[in-house]
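Everything numeric here is computed off the predicted structure, so don't read it as measured data.
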Amino acid sequence: MTVLPVIVREVRMRARGRATYWSRMAVAFIGALLCVQQLIVSGPLGTPAAVGRNVFNQMVGAAFLLSCGACLLAAEAIGSERRQGTLGLLFLTRVRGFDVVAGKLVSVGATSLCALTGLLPALMIPVLAGGVTGGEAFRKGAGLLATLLFALGAGLLGAAVQAHRFKAACGAVLVVLLTALVPLVLLNYAKGGIWHYAGWLSPLVLMVAAGDASYQTAPGFYWGALATVQALGWLLTVAAGLQLRRSISRDGGAEIVR
């Protein structure tokens with residue numbers, strides 16, 4: 001079983017990187033900055049519930065963007081292996097494409113998840129203010145995890161398909177943007193029928209459906225979107241595992257990325 005040693009290797013390499021620690025500090029700083037900005041704008045006239053709701057929405061929005069941006073980290077994780085000349089060497093052993101993709105998924109996912117935890121202290125403000133229900137906080141937290149998995153899958157697939165560093169990043173971002181926006185447009189113009197369920201494909205629609213107002217109207221839509229976005233993330237990850245070794249064989253083991 002080669003997947004566990006590969007995962008351990010990837011996690012150790014990620015733990016040695018300075019960016020792993022500085023990213024958490026940067027996210028915590030952004031969260032504190034958003035909280036201070038909201039408190040200054042609201043002033044003494046703002047009710048605690050209103051301030052808590054605004055802070056919560058801004059924190060969730062920032063966390064959603066960070067989750068989507070994880071596609072770039074995933075794409076760079078494979079791209080850096082190509083530039084260092086170690087990816088082709090891995091495939092000279094019994095390591096499979098799925099093993100490499102699983103290692104990257106765990107290491108980059110753990111780094112991104114640890115960075116998101118930097119927002120937790122700021123999220124205590126809405127909880128203490130009482131402007132957000134526990135159910136909504138739980139649903140949006142689950143939606144952020146599903147979005148993170150989807151973005152990681154998109155980044156891994158982009159880097160597995162395309163060896164060029166810039167093209168791999170652009171491909172990953174394009175997949176995330178199209179999947180987030182196109183179903184949203186179809187949902188807005190749908191008049192019922194099957195097109196209504198196209199919104200299940202969009203992480204952005206998932207976050208909207210997690211709100212109390214939307215969830216009380218159609219709770220099944222939220223759970224369907226949550227399951228679909230997670231399934232998309234796993235499908236993209238599996239596709240990356242299938243494509244990675246083919247890409248290395250096609251390029252003749254070339255590891256240089258311009």
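Leu148 and Gly109 get closest at one heavy-atom pair: CD2-O, 4.3 Å. When all heavy atoms of Met207 and Gly143 are compared, the closest pair comes out as SD-C, 3.7 Å. The heavy-atom pair separating Gly158 from Ala168 by the smallest distance is O-CB, 3.6 Å. When every heavy atom of Leu72 is checked against every heavy atom of Ala169, the shortest pair comes out as CD2-CB, 3.9 Å. The minimum heavy-atom distance between Val132 and Ala137, with the atom names listed, is CG1-N, 4.3 Å. Across all non-hydrogen atoms, the minimal contact from Ala172 to Gly155 is CB-CA, 3.6 Å.
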Go through it in stages, so that I can follow the logic: the residues are Leu156 and Ile78, the test is side chain to side chain contact (heavy atoms under 4.5 Å, CB included), and I'd like the CA-CA distance, side-chain angles, deciding distance and then a yes or no. CA-CA 7 Å; Leu156 292 173; Ile78 293 181; 3.7 Å; yes
For Leu149 and Leu105, run side chain to side chain contact (heavy atoms under 4.5 Å, CB included): C-alpha distance rounded to whole Å, both residues' side-chain angles, the deciding distance at 0.1 Å, then the answer. CA-CA 8 Å; Leu149 174 62; Leu105 179 67; 4.2 Å; yes
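Residues Leu232 and Thr179 have side chains in contact (heavy-atom distance under 4.5 Å, counting atoms from C-beta outward). Side-chain contact check for Trp200 versus Val229: every heavy-atom pair is 4.5 Å or farther apart. Looking at heavy atoms from C-beta onward, Leu73 lies in side-chain contact with Ser112 at the 4.5 angstrom threshold.
Annotation: the span from Lys140 atom NZ to Phe64 atom CZ amounts to 11.0 Å, rounded to 0.5 Å.
The residues Lys104 and Glu76 are annotated as not salt-bridged, no charged nitrogen and carboxylate oxygen being separated by less than 4.0 angstrom.
In this structure, a donor-acceptor pair under 3.5 Å is present between the side chains of Tyr215 and Trp223.
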